[in-house]
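Right, one structure below, let's go through it.
None of these values were measured; they are calculated from a predicted model. Here is how names work: the chains are called A, B, and so on, in the same order as the sequence lines, proteins then strands, and each is numbered from 1.
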There are 2 protein chains.
Amino acid sequence: MQELVVRPAQVFREKLGLDLRLEHEATRIDPQAKQVSGLEHNNSEFTVSYDKLLLATGADAIRPDIPGIEQEGVFVLKHLEHGRRILEYLDSRQPKQAVLLGMGYVALEMAEALRARNIRVSMLKPRPEILPWLHPELSRMVQQELEDNGVELYPGYRPLQIQPLEQGLHLTCSPELSLDADLVLAAVGIAPNSDLAADAGLELGPNTAIAVDERMQTSDPNIFAAGDCADALHVLSGQRTWIPLALRANRSGRAAAVNILGGDARLTGVAGSAMFKTFGLEVARTGLSQKEAEQAGFTPVSMQIETPSRGHGYPGAGKLRVCLLAEQNSGRLLGGQITGQEGAAHRINTLAVALHNQMTVQDFAQCDLAYAPPFGPAWDPMLTAANQLLKKL
Amino acid sequence: MQELVVRPAQVFREKLGLDLRLEHEATRIDPQAKQVSGLEHNNSEFTVSYDKLLLATGADAIRPDIPGIEQEGVFVLKHLEHGRRILEYLDSRQPKQAVLLGMGYVALEMAEALRARNIRVSMLKPRPEILPWLHPELSRMVQQELEDNGVELYPGYRPLQIQPLEQGLHLTCSPELSLDADLVLAAVGIAPNSDLAADAGLELGPNTAIAVDERMQTSDPNIFAAGDCADALHVLSGQRTWIPLALRANRSGRAAAVNILGGDARLTGVAGSAMFKTFGLEVARTGLSQKEAEQAGFTPVSMQIETPSRGHGYPGAGKLRVCLLAEQNSGRLLGGQITGQEGAAHRINTLAVALHNQMTVQDFAQCDLAYAPPFGPAWDPMLTAANQLLKKL
C-alpha cells in the first residue's frame with residue numbers, strides 16, 4: 001500500500017525544506033496572539049507562532065452511535081491507515097461474511113472489493129432508497145448490478161447493536177433482522193474536522209465545515225482553510241455547500257498557498273461532480289439532484305432516458321441511462337446523472353462544463369459532441385436527454 | 001448488413017405517407033418555375049413542382065484520378081452499397097493483401113477491419129504526416145498503434161497507377177515504390193454532391209458545399225439544404241466550414257424540416273468534434289487544429305501533455321495524450337485533441353462544450369470535473385492540460 005503515498009514526509013522536509021512535524025496534535029488556535037499550541041507525542045506541550053495559518057485538517061469517517069461499534073472486527077475507511085488495518089484483518093482472519101453499514105461511494109466500492117475475495121456481503125442503511133440523489137430508474141440499475149453480483153441489500157434497516165459471538169459478530173437491526181458477520185464496515189459518511197476552527201471562533205458553513213471565501217480565507221483574515229475541512233460555493237445555487245472530494249481539496253490547497261504567499265487565486269466553486277464504479281457499473285453525477293434543486297429554491301423538471309452505449313448496428317452495445325434536470329421557467333440546466341458501462345461516467349463532464357457556463361437545455365442541445373459508432377449513438381446520450389427534456393419544458 | 005438500414009423505404013411510404021420515389025435521378029432545378037426535373041430508371045423524364053425544396057444530396061467518396069482506378073478490386077467506401085460490395089469481394093475472393101489510399105477515419109477503421117481478417121495492409125498518402133491535424137506526439141501514438149498491429153505505413157507516397165496482374169493488382173508510386181495487392185481501397189476523402197445546386201445558381205461554400213444559413217436556407221429562400229451536401233458556421237471562427245459528420249447531418253435535417261414547415265429552428269454551428277477508434281486506440285478532436293486556427297486568423301498557443309488513464313496507484317492504467325490550443329492574447333480556447341485507451345475519446349466532449357461557450361483556458365481550468373481512481377487522475381487530463389497551457393500563456 002506504500003505506493004498510495006503520493007509524497008512521503010522526507011520529500012516535504014528535504015526537497016521542499018518544510019519544518020514538517022508529525023505526531024504533533026494542535027489543540028488550540030489563539031487568533032489574537034496568532035499562535036497554535038498543542039501536544040507532542042511525548043505529551044510535552046508546544047506552541048508555534050504564525051503570520052498566516054492554513055487549516056488542512058481534513059475530514060473523518062463518522063462512527064455511528066451503536067452499542068458495540070468499537071469492537072474488534074468493526075472498521076471505518078477514510079485514511080490510508082484504515083485501509084491497512086482492513087487489509088491486515090482480511091489477510092489474517094480470512095473473514096467469510098461482511099456487513100456494510102451505508103450505501104455510499106465507499107460502501108459500494110468496498111462491496112466490489114470484498115466480493116472479489118469471495119466474502120458474503122450484506123449492505124444496510126436506514127433510508128429506503130439505495131442512492132437517494134439518483135433518479136429511481138438509475139438507482140434500480142445500481143441495485144440490479146449489486147444483486148447480480150451476489151450482494152444482499154437491506155435498505156430501510158437501522159443497526160441497533162453489534163454483539164460479540166464466540167467467533168465473529170452479531171448485528172441486530174430494526175425492523176427485525178439479525179446478521180452474523182466477521183467483518184463490519186461503517187461507511188455512513190464523513191464529517192469535517194473543524195472543532196479546532198470552531199473553538200477559535202471561526203465561522204462554520206454547512207455540515208460544520210469551515211466557511212471560506214473564494215480565496216480560501218476563513219472569517220479570520222490570517223487563517224485559511226483548504227481540503228475536506230472547508231466548504232465551497234456551489235456554482236449553481238451560489239450557496240455554501242460541503243461536497244468533500246479530491247479535486248476540490250487539491251485545488252483549494254493550491255489556491256490557499258498562492259493567497260497565503262500574497263497572490264490572488266480565486267476558485268469559482270464546485271458543481272458537485274462525482275463518479276464511481278461498482279462491479280461493472282459506472283455511476284456519475286453533477287449539479288443538483290431533484291431534492292437538492294428544490295431545497296435551493298429552483299423548480300426542477302427532470303427527464304430520464306435509456307439509450308444504447310454504441311452506434312446503431314455496432315455490435316456489443318450495453319445500456320445507458322441518463323437523467324437531466326433543468327429549471328422550469330428559465331430552462332437552465334441544474335444537474336444530471338448517468339449509469340452504464342463503457343465510459344458512461346466520462347460523459348458526465350460535458351454536463352459539468354455546461355453547468356459552469358449556466359447553460360440552458362436549449363443551448364446545451366446544440367452542442368457539437370463527437371460521434372463514432374464504437375462510442376455511442378449519433379445523438380450523444382446527453383443530447384438525446386436534452387432534446388427530450390426540451391419537449392417537456 | 002440490412003440491420004444498418006435505420007429506416008427502410010416502406011416505413012417512409014407507409015408510416016409517414018411520403019411520396020418516396022427511388023430510382024429517380026434529379027438532373028435540373030428550375031428555381032423560377034419551382035420545378036425539379038430528371039430521369040426515371042426507365043429513362044423517361046419526370047418533372048415535379050415544389051413550394052419548398054430540400055436538397056439532401058449528401059456527399060460521395062472521391063475517386064483519385066489515377067490510371068487503373070476503375071478496375072475490379074478497387075473500391076471506395078461511403079454508402080452502404082459500397083460496404084456490401086467490399087464484403088462480397090472479401091468473402092468470394094479471400095484477398096491476402098490490401099492497399100489503402102489515404103489515412104483518414106475511413107482508412108484507419110478499415111485497416112483494423114482488414115487486419116482482423118488477417119489481410120496484409122499497406123497504407124499510403126501523399127503528405128508526410130499520418131494525421132496532419134493532430135499534434136505530432138499524438139500522431140506518433142496512432143502510428144505506433146498501426147505498426148504494432150502489423151500495418152505498413154507509407155506516408156509521403158503518391159500512387160501513380162494501378163495495373164492488372166494475372167492475379168490481383170500492382171500499384172506503382174512516387175517516390176519509387178511497388179506494391180502488389182488484391183484489394184485497393186481509395187479512402188482519400190469525400191466531396192459534397194452540389195452540382196445540381198451549383199447549376200441552379202445557388203451559392204456554394206467551402207469545398208463547394210451548398211451554402212446555408214443557420215436555418216438551412218440556401219441563397220434561394222425556397223430551397224433548403226441539409227446533410228453532408230451543406231456547409232455550416234464554425235462556432236469558433238464564425239466562418240463557413242464544411243465538416244460533414246453524422247450529428248450535424250442529422251441535426252440539420254431536423255432543422256430544415258421545421259423551417260420548411262414554417263417554424264424557426266436555428267443551429268448555432270459546429271465545433272468540429274470528431275472521434276474514431278483504430279485497433280485499441282481512441283482518437284478524438286474538437287475545435288481548430290494549429291494550422292486551422294492560424295488560417296482562421298488566431299494566434300494559437302498549444303500544450304501537449306501525457307497523463308495516466310487512471311488514478312495514482314490504481315492498477316492497469318494506460319497512457320493518454322492531450323493537446324490543447326488557445327489564443328495567445330485572449331486565452332480563449334481554440335481546440336484540442338486526445339489519444340489513448342479506456343474512454344479517452346469521450347473526454348473530448350468536455351472541451352466541445354467549453355468551445356460552444358467561448359471559454360478561456362483560465363475558466364475551463366476551474367471546471368469541477370468528476371474524479372474516481374478507475375477513471376483518471378484527480379486532476380482530469382483536460383484540466384492538467386489547461387493548467388500547463390495557462391503557464392505557457
field: Any residue of residues 338-352 of chain A which, by heavy atoms, sits under 4.5 Å from chain B
entry: A/E342, A/G343, A/A345, A/H346, A/R347, A/I348, A/N349, A/T350, A/A352

message: Is A/F364 in contact with chain B via its backbone, its side chain, both, or neither, using a 4.5 Å heavy-atom distance?
response: side chain

field: Contact class of B/R266 relative to chain A, heavy atoms under 4.5 angstrom
entry: backbone

query: Using non-hydrogen atoms only, which part of B/A365 is less than 4.5 Å away from chain A: side chain, backbone, both, or neither?
result: backbone

- line: Of B/L355, B/T286, B/L4, the largest count of non-hydrogen pairs under 4.5 angstrom with chain A goes to B/L4

query: Which residues in residues 372-389 of chain A have a heavy atom less than 4.5 Å from any heavy atom of chain B?
result: A/A372, A/P374, A/F375, A/A378, A/W379, A/D380, A/L383

Side-chain touch A/N357/B/H356, heavy atoms, less than 4.5 angstrom: no

message: Sort by residue number and list every residue of residues 308-316 of chain A having at least one heavy atom under 4.5 Å from chain B.
response: A/H312, A/G313, A/Y314

field: Other residues, nucleotides, ligands: >12 heavy atoms within 6.0 Å of A/Q362 CD
entry: no

task: Report the C-alpha distance between A/S273 and B/L369 in whole Å, list the side-chain angles of each, state the deciding distance to 0.1 Å, and finish with yes or no for side chain to side chain contact (heavy atoms under 4.5 Å, CB included).
output: CA-CA 6 Å; A/S273 307; B/L369 304 188; 5.8 Å; no

query: Using a heavy-atom distance cut-off of less than 4.5 Å, which residues of residues 276-285 of chain B contact chain A?
result: B/F276, B/K277, B/E282

- prompt: What closest approach, in Å, do A/V353 and B/M359 show between heavy atoms, and which atom pair accounts for it?
  reply: CG1-SD, 3.8 Å

